[in-house]
Each structure stands twice: as structure tokens, then as C-alpha cells.
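Shown next, in C-alpha cells, is the structure this report addresses.
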Amino acid sequence: MDAVTGRELLDDFKWRGLLAQSTDEDALIASLDAGPVSVYIGFDPTAPSLHIGHLVVLLALRRFQLAGHRPIALVGGATGLVGDPSGRNSERILNDEEVISGWVTGIRSQLEAFLVFDDSANSAVMANNLDWTRSLTALELLRDIGKHFSVNQMLNKDSVATRLNGGGISYTEFSYQVLQAMDFLELFRREGCTLQMGGSDQWGNITAGLDLIRRVEQGSAHALTMNLLMKSDGTKFGKSAGGAVWLDPKMTSPYAFYQYWFNCEDADVIAYLKFFSFANHATIDDLAVQVLEHPAKRAAQRFLAREMTTLVHGAEECERVELAAAALFGLGDLSQVAETTLAGALLQVPRATIARSMELPGLIELLAATGVVESKSAARRTIREGGAYLNNVKVTDEAFVPTRGDLLHDRFLVLRRGKRDIAAIEVS
RNA sequence: GGCGGGUUGCCCGAGCGGCCAAUGGGAGCGGACUGUAAAUCCGCCGGCUUACGCCUUCCAAGGUUCGAAUCCUUGACCCGCCA
């Protein structure tokens, strides 16, 4: 582990396509080789959970820890209240303080799962920038910090410049870079942190911190940014039909999470593996060959889905989800699937329950009840288009009503919309 | 502060007072072809007890009219020019 040199670490980042920009590379490598570097990345609470878009930089923190460095995960309890203008062309809507502090708690525990906290020299550290901004007065901010910032430079930052040419920017968001620069300075002082990483849109905010450290402490620190992942067709990564793919199992089920990765296109899967996987170069190169030679086997997709699901949800959950997929997609005839297997599989997909005492409703009702379609109109449409299945058998009659005889093991109905959207009805 | 322009469905964007649930593009969804892939072709794309029927939509609230996304008034927000 300690055998990983700064050069090797950066070369790996380059090979993976992660490295976007860094401050002087030789100096950065020299500092990495001089001993464990304390490196930080900030995560603002903009939602109740992190999503897979956050994973790239979060895993970078983990890569640094594996290489012997000391990761600091910072939750933006303060910056989240203000709103980062980077990468946005319109002002954010401010959320209530209580809401944000709830998000901070959730995100904090998510971050902890990816890093190692122990007694070692490179144990991870959690920080919250609210700790050093809460008691800061406006006058202190203006006199002690603000004096070191040139508005001319602030206006030149990409995040601000684009907004000045477009939808405008509030003083609140304009000040964001000051807060983030303060964070870097604060961590430099408290934790000896000399490296900040982030997505490529964070370059301006990070360098603002470098300047501040130089001016106030005459210190030197480094910046490293990572590429934002794009799909091969140029669309944004990480969105599925239901919106973002979340790490919180209550927001994106482990089953859906696995399926997201598993369904990734051939043209993207190797880039994803490089971005997200901890597999070594030889393994990934080998998977690339397999995609070319036996694309239908989806070896790379399966590898990726398995690694990501295990990482985020654990090995046991991953296995359950894989068994579910095998049961639901494997055999044409669902009645051949054993009851316990089927019951376990259906636990993973969206489902609705109806009382045994009730008459079975029509297929339209059932589809809508599980949420695989948004409305009864949509359910009708799906049936009309030939995209509705009951127990893997296509149903084309809009008025179709299942009977008791359709129940698998006397309790389940497996509904499907299109090729891969599966849901379940349980009679109990 | 003054003058002018704007606010349309997930996004961009058209829209003559009736023929507007609203052109077009993108995204999304279904089908065919495949491999739970891509590309391509076809179809769908507000809701409802599927109804050439009804209901809720075109920033908000009022108004004019037999009838308004389209006209008027007020308000909110955005953009531009001038001070």
C-alpha cells in the first residue's frame, strides 16, 4: 500500500481518465512522496442523499486513502446554505436550515461508509464547515477574509462569468467561492490539509482557496480536479427514468441500482469501469476485450454492476439482487421458479399488496398500483402498444382481469412493462 | 428611477380571440430487430369509469367576451437599453 508513489497514483488517475487539471504536477508528486498528504473533498447537502454522480470524487478520496494518504470528507453544512453557482446557469432555491441539517446528517453517514476510520496515521476525518462559519460575524468575514479577495478575480471565475452573461447571480451565490476558500484555509490550519480535489467545475473555487492560503499563511497547497463523466452520446451521466440514481436504498432500491449499471451501453461500460472500479488495469483491459468479442455476455456490465452494488449496498444485498434478476429474467416460465426464490426476487422490485378477500382488479389497475406506469391512461397505452406482460406473457386486452388461477404459488402476480421494468402484486 | 422585451407542458421553442390539450425539436416510453446493449424504422407522449365525452393546464389574481394561451388591469419574476 505504501508502495504506491505519487507518480503511480497520478498515472493511475490519468489512465482512468479521471484527471482533469492539477497544480504543478511535479510539485504535487513530490509532496505525495514526502509522506501522507491530508486531502479533502467537500460535499454540499443539496438533497437527502448522495447520488452516483458524487461517487467519482468520493471514490477518489478512497483511492488516496488506499495509497496511504489521509482523506478528509467535508460536509458543507454552511456552504449548502448558500449554494454553489458552479456548473449552473440559474440561481438555486434556498432550502430551510432544518432541512439542510437533516441532509447533512444523512450524507455524513453515507460518506463514512466509503472511508476507513481507525487509529492509523491515515485514518479518515469527517468535517463540517458549519463548525467554523457558524460563529463568524459579518464584520470578521469582511475584514479578515474579504480583504484578501479581489472582486476582479472573483468575476473572472467561470462559475460567476457564465452567470453574469446569463441569468444573473445573487450576492449570496457570488460569495460562495469565499466560503469554500475559507474551508481550505481552515483545514490547512487545523488538519495540515494541503490538497483539495473536486469535479472539474470546482477548479475556480479550489484555486480561490490556494490564493487565500498563500496570502494569509504564506503556505502552499495543491489542487486536483477530475473529469465529469459524460455518456458516449453526450448526455448527462447518472440519470435514469426516475431521475438521479441515489445511494440511499430507500430512494433507489439496490435492485434498481444494480440494474442501472447492468444496463449500461457497451460504448460506455469500459469508461465507467475505469472511473468507478477499483479493479486493476489488466482486469479492465481484459473486460474490454470481452466486450468486443462477446458483447452479448455482458461480462463488463455484470462486473461493474456487481462491484458498485457491493461497494454501496454490501455483498449480501448484491447477491440477493443478482438472484432476483436471474429468477425474473432467466426463465420464460415463471411458474417453474421455486416459491422462496420468487418471493425473494419480488422483494426487490416495486410491488403492491391486495387483500385476499378482495376481487382481483383489472390489469390496468394493477399496473398503475405498482407504479411501473404513471397513470391508468399510461397503463392502457402500454397494453395497447404491446408492452404489458403478466407472468412473462404478453397481454393485449385492455380489459383483461387476472383470475386466481394466474397467481403464482397462489400469491404472486409478476407484471412487466416493456423488456425490463418488473413489478409484483402480492395477494395476502 | 425611465423605456422596451419576456414568462407556454420534463427541457428548448411555435402559437392567428374560436379549427388549441396547444406546431416543431430534444429527452422519455412502447413495439420490431437484438444481447435486460447501440444504431435504425414504426408508434406513444396531461388526467378520468376510453369517452367523436368530461375534467385540469399556457407566471398569479382579476376583467372584457357567447368564447382567451391569445385582448385589458394589477402584481411577481427574468432579460436588454438608458439614468
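Per chain, numbering begins at 1; letters A, B, ... match sequence-line order. Just so it is clear, the model here is predicted, and its values are computed rather than measured.
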Whole angstrom is fine here: how far is it from [atom1] in [X] over to [atom2] in [N]?
X	N	atom1	atom2	result
A/D268	B/rA38	CG	C1'	10 Å
A/E293	B/rA37	CD	C1'	17 Å
A/E374	B/rC10	CD	P	12 Å
A/E265	B/rU36	CD	C1'	13 Å
A/Q348	B/rU36	CD	C1'	17 Å
A/I364	B/rA51	CD1	P	11 Å
A/K394	B/rG30	NZ	P	12 Å
A/L292	B/rA38	CG	P	17 Å

Under 3.5 Å for both donor-acceptor distances, Watson-Crick or wobble: does [N] have a partner, and if so which one?
N	value
B/rA76	B/rU7
B/rC81	B/rG2
B/rU56	none
B/rC20	none
B/rU50	none
B/rU65	none

Taking the [atom1] atom in each of [N] and [M], what is the distance between them to the nearest angstrom?
N	M	atom1	value
B/rG43	B/rC52	P	24 Å
B/rU57	B/rA68	C1'	13 Å
B/rG24	B/rG75	P	38 Å
B/rC59	B/rG6	P	13 Å
B/rU8	B/rA60	P	10 Å
B/rC79	B/rU74	P	23 Å
B/rC12	B/rA83	P	33 Å
B/rA76	B/rU64	P	24 Å

N or O in side chain of [X] less than 4.0 angstrom from [N] OP1/OP2:
X	N	value
A/K419	B/rA37	yes
A/R380	B/rU49	yes
A/S375	B/rC48	yes
A/K376	B/rG46	no
A/R381	B/rU50	no

Worksheet item: Does A/G17 offer a backbone N or O that forms a donor-acceptor pair with the side chain of A/N227 under 3.5 Å?
Response: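 Checking the backbone N and O of A/G17 against the side chain of A/N227, a donor-acceptor pair under 3.5 Å is found.
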
Item to complete: Quick one: do A/N128 and A/R108 satisfy side chain to side chain donor-acceptor pair (under 3.5 Å)? Show the steps, please.
Response: CA-CA 9 Å; A/N128 182 345; A/R108 192 185 173 103; over 6 Å; no

Worksheet item: In this structure, are over 12 heavy atoms from other groups packed under 6.0 Å from A/E140 atom CD?
Response: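 Atom CD in A/E140 is crowded, with more than 12 foreign heavy atoms closer than 6.0 Å.
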
Discussion item. Regarding B/rG31, can its base be found pairing with the side chain of A/E385 as donor and acceptor, where the two atoms are less than 3.5 Å apart?
Written reply: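 Answer is no: no donor-acceptor pair is held.
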
With sugar-phosphate meaning primed atoms plus P, OP1 and OP2, does [X] contact a base, only sugar-phosphate, or nothing at under 4.0 Å between heavy atoms?
X	answer
A/A378	nothing
A/Q259	base
A/R384	base
A/Y389	sugar-phosphate

Discussion item. Using the six-membered base ring of B/rU36, report whether A/F329 stacks on it, requiring centroids under 5.5 Å and planes under 30° apart.
Written reply: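 Here the ring of A/F329 and the base of B/rU36 are stacked, with centres under 5.5 Å and planes under 30°.
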
Practice prompt. Please step through side chain to side chain donor-acceptor pair (under 3.5 Å) for the pair A/W203 and A/D158, ending with a clear verdict.
Written response: CA-CA 9 Å; A/W203 183 255; A/D158 251 16; over 6 Å; no

Worksheet item: Relative to the ring of A/H54, is the ring of A/H51 parallel (under 30°), tilted (30 to 60°) or perpendicular (over 60°)?
Response: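 Judged by the thresholds at 30° and 60°, the geometry between A/H51 and A/H54 is tilted.
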
Worksheet item: ring-ring contact (aromatic ring centres under 6.0 Å, His included): which pairs involve residues 294-314 of chain A, sequence neighbours left out?
Response: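 Qualifying pairs, neighbours excluded: A/F257-A/H313.
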
Fill in: A/E365 bridged to A/K376 by N-O distance under 4.0 Å
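Yes, charged N to carboxylate O under 4.0 Å.
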
Worksheet item: Taking the nucleotide of RNA chain B with the closest heavy atom to each, which residue, A/R416 or A/K297, is nearer the 5' end?
Response: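 The residue whose closest nucleotide sits nearer the 5' end is A/R416.
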
Discussion item. Let me spell it out: for each of A/A296 and A/E365, pick the nucleotide of RNA chain B with the closest heavy atom. Which residue's pick is nearer the 5' end?
Written reply: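 Looking at the nearest nucleotide for each, A/A296 comes out on the 5' side.
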
Worksheet item: Which nucleotide sits closest to the side chain of A/R417: B/rC29, B/rA32, B/rG35?
Response: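 From the listed options, B/rC29 comes nearest.
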
Practice prompt. If a pair satisfies side chain to side chain donor-acceptor pair (under 3.5 Å) and one of its residues is in residues 297-306 of chain A, list it, with sequence neighbours excluded.
Written response: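 Qualifying pairs, neighbours excluded: A/D266-A/Q301, A/R306-A/E322.
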
